[in-house]
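Worksheet for the structure shown next.
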Amino acid sequence: MRVQLPLINTVHGRSALTCRFRCGDACFHPAPNTSSNPYVGDVIATALSRRSMMRAAAVVTVAAAAGTAGTVVTAPSAEAAAQQATARPKGKAARGLRFTPVAPNTADTVTVPAGYSQNVVVRWGEPILRGAPAFDADRQTAAAQAGQFGYNNDFLALLPLPGERGRQILVANHEYTDEVLMFRGYDAAAPTREQVEIAWAAHGLSAVVVEENKKNGALTVVPRHHLNRRVTATSEFRLTGPAAGSDLLKTSADPTGRKVLGTLNNCAGGTTPWGTTLHGEENFNQYFANAGRATDKRYGIGTGASERKWERFDKRFDVAQEPNEVHRFGYVVELDPYDPSSAPRKHTALGRFKHEGATVRLTHDGRPVVYSGDDERFDYFYKFVGSKRMKHGSGRAVREHNLSLLDEGTLYVARLTGDSPAIEIDGTGKLPADGEFDGGGEWIPLVTATAKGAVSHVEGMTADEVCVFTRLAGDKVGATKMDRPEDIEPNPHSGKVYVALTNNTNRGVGTNAPVDEANPRNANKHGHILELTERWNRADSTKFAWTLFLVAGDPEDPATYFAGFPKDAVSPISCPDNVAFDSHGNLWISTDGNQLGSHDGLFGVATKGERRGELKQFLTVPTGAETCGPLVQDRRVLVAVQHPGEINGATVEKPASTWPDGPGKIVRPAVVAVWRKDGSDIGV
């Protein structure tokens, strides 16, 4: 028997409240990219739909769930897929994924597999700095919030803490605020200064030391530790790289163009081999008002008042009064968690767009490579290749050198091509003559920064213009339009790079960009994941091959695909967002905006061997929440439960969720840790 779960009040996979506060109703506005560049999203799903028809197609039921570039990497042929459908691998699941899948559900809690336990590590409002008061939702102040854990936790990192056994530094992003779920009687038309200043303090980053309970695996906060830190929308940042000091970044408050107050809408991120964390400023456009330039339009910045009305309390959020302030957001931020007195840096060399995150690998000779996606319908994904080698050691000179690694190098944007004639890619699902969808690609250089200056590779644009108006640079060089490229991560075991493409319901609809061999599904509401192989597996290569790894949706849908694994033996998945890897090389996927009727969750999938493509759901999150983070250690999984209760019409007085503290308590975003009850490693 198949269980049909009810859809909760959503629009394009998110609640209307989510659209309103997180991304400024981006899905309701025309896509900012109006260039004629080709689109990469619907071809994939179309190609696979024909293939999938040849396979057994029974999705895992609730009951069962409870019980041109070098060598082109190709997807399995139709014949191979058919053989896989009848030759399911025997024996155990891939190491790291040996758990009973969680059934799709709509429970207002974090649901984990049998044999696993969990605890809330830290909630919004918990005091982490010395002198910060206990949380009281009805007596909250900006000063209190500045010493407390911020709102809407997203990216998570855990860093070692030498000399303090059993302790680590937890770093979290705080993407945005849900004022209607934070303040009783909130009036969106007339917010108070106190409410606005609390929201400023609830944005940004938190660094907090956590301690492991050796008896049960739980993590708890170590309050008032000297490394605990809050970074907010009013903290001081340094602008670095080729655009620092540019006239495009100068304001009345900062005539140098090198100092910024605050960071906004930090979504995903990454950790660096030199011990820092990276944080992507994503939907920064929504905080600014009264824009009107073509460059502002390309970034989705509105012409009227902003949702939160911050421009009433600080003119820097009014583009009409401070036209360059908006140019100072949309970067990758680097934080040094081991130096709480240091000013975080905004790296202009990595470009300005809606960074979902930033993940790092090193070249064969020790130079950093950073991958980042621009989370917008029909926008691009990028790679930065540094020119300076990382140094090893812990001295101050070494640390200062490594903190400058992301200021010199070349920024590239991706262009993908299929290996079939365009006439064979019609978007209907008809396979091209070679029977598969795959291809190659190239990294197109945009700007190169050196210690002596920077050079633009884009005709008609200066180097600082490329760094500030990176989307326009991508338009000019003909980058490939994607279906909301979000998290991009290289597999530390294989070097293959995985790109999460969350969805794009506008693909192939009306006058919007049509399908192509890399983006193959019209009205793509479930998303997909691309697997890229850099030429010769070198991170600094300018060529790559691509293939489809996963096309999300109901396994009963013939358009879905799970790397060739039998579809009657996988969990349904919709809207992949953030990704991570465990120590076995499995890919872990968190979702945002599940369109299959159940709550969002976290999934693990094997990337190699005979069980490649076996996807299993590990947990689900509460009503209205998104699964963020995630972080997978050998003995612990961490997720950030973001915006619980974020359902259209919900307020403090009429909550849609009572997580995590139960009825009568205000709903609070929080970080959750999950571990095996018997103390063994996850999924073994």
- [ ] With R352 as the cation and Y299 as the aromatic partner, state whether NZ or CZ is under 6.0 Å from the six-membered ring centre and within 45° of the axis.
- [x] yes
Between R484 and the options N504, D577, D592, N503, the side chain to side chain donor-acceptor pair (under 3.5 Å) test singles out N503
Exercise for review: Determine whether the aromatic ring centres of H174 and F149 lie less than 6.0 Å apart.
Suggested key: yes
Return yes when atom NZ of K315 has more than 12 non-hydrogen atoms of other residues, nucleotides or ligands closer than 6.0 Å, and no otherwise. no
* Is the number of heavy atoms from other residues, nucleotides or ligands within 6.0 Å of CD (E459) greater than 12? -> no
Taking D375 for its side chain and H355 for its backbone only, find out whether a donor-acceptor pair lies under 3.5 Å.
no
Notebook entry, point to check: Sub-3.5 Å donor-acceptor pair from the side chain of D487 to the main-chain atoms of V579, do we have one?
Noted result: yes
*What class does the angle between the rings of F469 and H327 fall in, given that below 30° is parallel, 30 to 60° is tilted and above 60° is perpendicular?*
perpendicular
If only atom types and distance count, is the side chain of R668 paired as donor or acceptor with the main-chain N or O of W124 below 3.5 Å? yes
Is it the case that the ring center of F353 lies less than 6.0 angstrom away from the ring center of Y382? yes
Check your understanding: Taking C-beta and beyond as the side chain, do K354 and D379 meet within less than 4.5 Å on heavy atoms?
Key -> no
Just by distance, do the side chain of Q321 and the backbone of D318 share a donor-acceptor pair under 3.5 Å?
no
side-chain contact (heavy atoms from CB on, under 4.5 Å) test vs V639 passes for just one of V672, N153, N578, V671, namely V672
Practice problem: Kindly assign one of parallel, tilted or perpendicular to the pair H203 and Y287, based on the angle between their ring planes and the thresholds 30° and 60°. | Solution: perpendicular
Legend entry - Other residues, nucleotides, ligands: >12 heavy atoms within 6.0 Å of K259 NZ: no
Verify whether the ring centers belonging to F329 and F288 lie closer than 6.0 Å.
yes
Has R130 got more than 12 heavy atoms of other residues, nucleotides or ligands less than 6.0 Å from its CZ? no
Item to check | Between H279 and F155, ring centroids under 6.0 Å | outcome: yes
